[in-house]
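For reference, the structure is listed below as structure tokens.
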Amino acid sequence: QVQLVESGGGSVQAGESLGLSCAASGPTVSRDVLGWFRQAPGKEREFVAAINWTGFLTRYADSVKGRFTISRDNAKNTMYLQMNSLKPEDTAVYYCAIREDLYIRQNPPDYEYWGQGTQVTVSS
């Protein structure tokens with residue numbers, strides 16, 4: 001059973017940066033797609049970014065494109081999300097997830113394992 005633990009959330013001012021990490025334990029995830037999602041109060045969980053197992057293919061939501069960068073270190077079973085130029089609308093609980101497949105998808109049901117989430121709050 002794979003377990004995911006996010007870290008790095010916090011409170012920042014608009015325009016500042018924050019980095020998130022997601023450490024996976026259990027069976028190796030080096031061949032899986034890794035993704036970041038977020039959920040704001042009263043809203044559905046939404047796709048943020050995903051990366052394939054090689055790290056060469058990435059996909060971003062339009063709302064974060066150019067500001068967020070996803071990366072992974074398969075040797076450490078860890079995924080990262082660098083968030084720059086943060087906006088108040090980025091405020092949400094951020095979740096990392098694993099999709100046991102080679103191909104990136106953006107729908108939450110396509111991911112089998114989830115972390116517990118970490119809060120990111122951006123104030124104006």
Heavy-atom nearest pair, Asn52 first then Val33, reads CA-CG2, 4.3 Å
Heavy-atom closest pair (Pro88 atom, Ala14 atom, distance to 0.1 Å) is CD-CB, 4.1 Å
Rounding to 0.5 Å, atoms CE (Met83) and CG (Asp90) come to a distance of 7.5 Å
Original post:
Can any side-chain N or O of Ser63 pair as donor or acceptor with the backbone N or O of Ala61 at less than 3.5 Å?
Top reply: no
Here the pair of heavy atoms bringing Ala40 nearest to Ala92 is N-CB, 3.8 Å
Rounded to the nearest 0.5 Å, the SG atom of Cys22 sits from the CD atom of Glu6 at a distance of 5.5 Å
- Group every Ile, Leu, Val, Met, Phe, Trp and Tyr by side-chain heavy-atom contacts under 4.5 Å, then state whether Trp53 and Tyr103 land in the same group. yes
Gln116 vs Leu4 side-chain heavy atoms within contact, under 4.5 Å:
no
When rounded to the nearest 0.5 Å, the distance separating CZ of Arg99 from CD of Gln106 is 11.5 Å
| query | Just wondering, do Leu20 and Trp36 contact through their side chains at under 4.5 Å, heavy atoms? | reply | yes
By side-chain contact (heavy atoms from CB on, under 4.5 Å), Ser17 pairs with (sequence neighbours left out) Gln82, Asn84
Does a side-chain heavy-atom distance below 4.5 Å link Asp32 with Glu100? yes
Does any non-hydrogen side-chain atom of Val2 lie less than 4.5 Å from one of Ile98?
yes
Does the side chain of Thr118 reach to within under 4.5 Å of the side chain of Val93, using non-hydrogen atoms? no
Quick note, ring-ring contact (aromatic ring centres under 6.0 Å, His included) partners involving residues 74-98, not counting sequence neighbours, are none
query = Taking C-beta and beyond as the side chain, do Ile70 and Met79 meet within less than 4.5 Å on heavy atoms?
reply = yes
Ser85 meets the side-chain contact (heavy atoms from CB on, under 4.5 Å) criterion, sequence neighbours left out, with Arg67
Note: Val64 and Val48 closest approach over all heavy atoms is CG2-O, 3.5 Å
Here the gap from Ser123 atom OG to Leu86 atom CG, rounded to the nearest 0.5 Å, amounts to 10.5 Å
Sorted by chain and residue number, the side-chain contact (heavy atoms from CB on, under 4.5 Å) partners of Glu89 (sequence neighbours excluded) come out as Lys87
Output for pair (Phe68 CZ, Leu81 CG), nearest 0.5 Å, gives 6.0 Å
Is there a donor-acceptor contact under 3.5 Å from the side chain of Thr91 to the main chain of Val122? yes
Quick note, salt bridge (charged side-chain N to carboxylate O under 4.0 Å, His left out) partners involving residues 40-52, not counting sequence neighbours, are Arg38-Glu46
With a 4.5 Å heavy-atom cut-off, do Leu18 and Val120 have their side chains touching? yes
Taken to the nearest 0.5 Å, the spacing of Leu102 CG from Leu57 CG works out to 10.5 Å
In short, ring-ring contact (aromatic ring centres under 6.0 Å, His included) pairs touching residues 104-124 with sequence neighbours left out are Phe37-Tyr111, Phe37-Trp114
